[in-house]
Each structure stands twice: as C-alpha cells, then as structure tokens.
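Only one structure is covered here, and it is reproduced in the block below.
All chains are named by letter (A, B, ...) in the order of the sequence lines, taking the proteins before the strands, and each is independently numbered beginning at 1.
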There are 2 protein chains.
Amino acid sequence: MRSEDRRELILAAAMRVFGDSGYVGTTTAEIARAAEVSQPYVVRMFGTKEKLFIEVLGRALDLLMQTFRGVVEQADGQDLHQRIGLAYVELAETPGLLLSLMHGFVLGNDPVIGREGRRGFMVVYRFLRHEAGFSAEEANQFLSGGMLINTMIGLRMAEDLADPDVRELMETAFPTKLDAMRGLLGEQR
Amino acid sequence: MRSEDRRELILAAAMRVFGDSGYVGTTTAEIARAAEVSQPYVVRMFGTKEKLFIEVLGRALDLLMQTFRGVVEQADGQDLHQRIGLAYVELAETPGLLLSLMHGFVLGNDPVIGREGRRGFMVVYRFLRHEAGFSAEEANQFLSGGMLINTMIGLRMAEDLADPDVRELMETAFPTKLDAMRGLLGEQR
DNA sequence: GTCTATACCAAGATAGAC
DNA sequence: GTCTATCTTGGTATAGAC
C-alpha cells in the first residue's frame, strides 16, 4: 500500500483510540492494532506519539472547520445557529473527532499540546465571530453547548439513558433534527 | 503527624497535580513530591493510584455541592442563577478542583472512572433540577457555561489574554462580579 | 514499505526496616 | 507512620532485516 494511504488509515485509527483513552492513556501499540500495522511502524511514520497526536488534532480541526464553512456557504439565512449546531452534532459520528479535541483541550498545561489546543480553539472562535457573524454572546452560547456535548460524549452518558434525569439532560443538550425543523419554521424556543 | 492530617495534605496535592496532568499523565511520584512524602507512602495510604483519583473526584464533588447548597440556602431569591454561577467560578481558585473533575469526565470510557464521573455529574444535575428549581433548559445552560469555563481553564487560555479575541472570549465566558451586581439590580442581560 | 527483535526507561506497587 | 530499596511490567523508540 502507498504510504500516504496507510497514513490516512493510521490517522483515523489514532483519532478513534485517542478519543477513547486520551493522549497519555493511549499506547502506540493500541493504535497499531487498530490500524492493523506493527507498533514500530506507527512510530516510524509519525516520529513520536506526540507528533501523531498533534496531527490528529490538526485533522480534527480541519474536518470541523470544513463542516462549518460548508454550512455557512449553504445557509446564508437566519437559522445559521441551528444549522451549525446540527452540523456539530453530526461530527460526533466521526469516531474520536470531538473527543480527541476535548482531550487536547484539557491538556493545556502541556507545552506543545496546550499551544496547539489554544490555537485550534481560537480558530473556531474567530470563525464564529468574524466569518459566521456571531456576536460574542452567541459565540459563547454556541461554544458552551458544544463543550457540554463533548462532556456528555466523553462521559459516555448515553449508557445511562434508562434514567429519566439522564434522558432529559441528553435531550436538552443535543440539538435534534426536530429542533432544527422548528427553527426553520420560525418558531421561538 | 496523624495519618488523617497527612491524608488531607496528600489529597489536596493530588487534586492539584491530577488537575495539571490528568489521571494517566500524573505519577504517584509527582503527587508524593507535591505532598512532601515518599512515593510508596502515597500508594500505601490509598491502595492504588486509581483509588486515589476516585477519592479526589469524590472530594471535588463534595466541595462543589457544599458550595452550591450554601448559595441556595443563603439566596432564596431571583438571582440564584447569577449567584451560583459566581460561586462556580470561585471554585476555580481551589487548585485542581474543576480540572480534576473535567479529567474524570473525559475518561468516561474507563469502567471505574467513567461510572464515578457519570454519577457525579448527575448528582449536580439532580441538584439543579430538583433542589435549586432550575428548569431543564436553565440547568442545561448553566452546565454548558460551566463546561466552557472548565475548558478555558484546562486550555490555560488565560495565558493568551493579550490577544483581543481571547480576551473577549474569556470575558464573555466567565461570570464577573460586575455581571452579578447588574443582576442584583434587576437589569436584563 | 513493513516487519521482528530488542534496548531502555519510567512508573506502580511491594517488602521490609526503623 | 514513614522511609529506602527494589521488583516487575509495560511502553516508546531504535536497529536492522526482508
């Protein structure tokens, strides 16, 4: 296989596994197993585990921004907030994407991961404020909701959906298609 | 020193260090150094690193709930939302408290830490809904804001306050005494 | 481009002395 | 109650063959 294709496979596997166990908690051997290559090959291809994680963060941010820009281009209307929220939730379907970012965010103390995390977060903030037309307050609310969603995913809260309180929390935290429909019809929240 | 006092010292040190480096990224040796005891003593006192982390999570949750209940008892009025938000921000002054919780939250995949994290999060949610009188929507907004605050702290975003976008984001995310004053005077946001 | 074998180090935990 | 010494495991990274 061409090394470039292999690279993609390893990156996708790494995103998944990093999302599951965090940066430190993930071993290069687990990533290798998930990508069906040998452990030394993973290290050889990316240099170090740290560099691989940084690549995963960059990849996750790229996908996120690509999605957001797509939404803005398509919907130049009122319900941008709704649509972008929905798009965000759909990103949760890419294994490890939101969680790898989240793991990066809590490691701000680490000199290299922290720098990358802050940079990435601000890329999103600047997009919301200067391209998508969000006010500071709107951007704040959007990002807040996003962080709660990330937390719910990180906690695997969906495992306890039998509990009515959990169900209520989850249904309130996650924008649904239904909410989007309502928004498109112009009703109030 | 009595072992109970020593225990408190180690717990406080552990909370700080876990907050800095996360559960996996923290070594028992670092905690020991921070608490000025030997590494084996830390392990001996708590059994395993995992048990120590669980204790830290429990302690963090206790302090959080204690603070929240204090606010509710004192302020049986309108501005509960404001006051409780302020109280939350003040918890950030206890080193590692919010961050240890946050590290627990992203490790929901871990069988024992995940269980404890979900349980703790729901303790807070139930308190908001069934004791503090928040609606589902209000609880959601409060927790969302909290998760953004945790993320900003985790990212060490304050390091980049020279950047005007960062400053704006931080000022919007963190409830300030000023906002609280405004709230108490009955103005609208 | 990919593997096997392995060096090397760090970390959690245990034994046992004082 | 607290330490020093140490066992043991597991993980990153390197060497080098195919």
Spacing of I31(B) atom CD1 relative to dG12(C) atom P, expressed in whole Å: 8 Å

Which nucleotide wins on minimum distance to the side chain of K49(A), given the candidates dT12(D), dT14(C), dA5(C)? dT12(D)

Can you label the angle between the F105(B) ring and the F121(B) ring as parallel, tilted or perpendicular, going by 30° and 60°? perpendicular

Counting only side-chain N and O atoms of R6(B), is one of them less than 4.0 Å from OP1 or OP2 of dT2(D)? yes

Are the aromatic ring centres of H81(B) and F134(B) under 6.0 angstrom apart? yes

Send over the distance from Y41(B) OH to dG12(C) P, rounded to a whole Å. 18 Å

Whole-Å distance between dT2(C) P and R7(A) CZ? 13 Å

Value in whole Å for how far the P atom of dT12(D) lies from OH of Y23(A): 9 Å

What is the nucleic acid contact for M1(A), judged by heavy atoms within less than 4.0 Å: base, sugar-phosphate only, or nothing? sugar-phosphate

Under-3.5 Å donor-acceptor pair between Q39(B) side chain and dA11(C) base: no

Closest heavy-atom contact between L91(B) and L63(B)? CD2-O, 4.4 Å

Gap between atoms CZ and P, on R2(B) and dT2(D) respectively (whole Å): 11 Å

Nearest to side-chain heavy atoms of S3(B), which nucleotide of dA13(D), dA13(C), dG1(D): dG1(D)

Using whole Å, report how far CD of E30(B) lies from C1' of dA10(C). 12 Å

If the plane angle is over 60° it's perpendicular, under 30° parallel, otherwise tilted; pick one for Y88(B) and F68(B). tilted

N140(A) side chain to Y125(A) side chain, donor-acceptor N/O pair below 3.5 angstrom: no

Closest approach to the side chain of T27(B), judged atom by atom: which nucleotide of dG12(C), dT12(D), dC3(D) is it? dG12(C)

Could you give the CG-to-P distance, from L52(B) to dA13(C), as a whole number of Å? 10 Å

Output yes when at least one side-chain N/O atom of T28(B) is less than 4.0 Å from OP1 or OP2 of dG12(C), else no. yes

Just the rounded figure in Å: distance from P of dA13(D) to NZ of K51(A). 9 Å

Listed nucleotide nearest any side-chain atom of R44(A), set dT14(C), dT2(C), dT14(D): dT2(C)

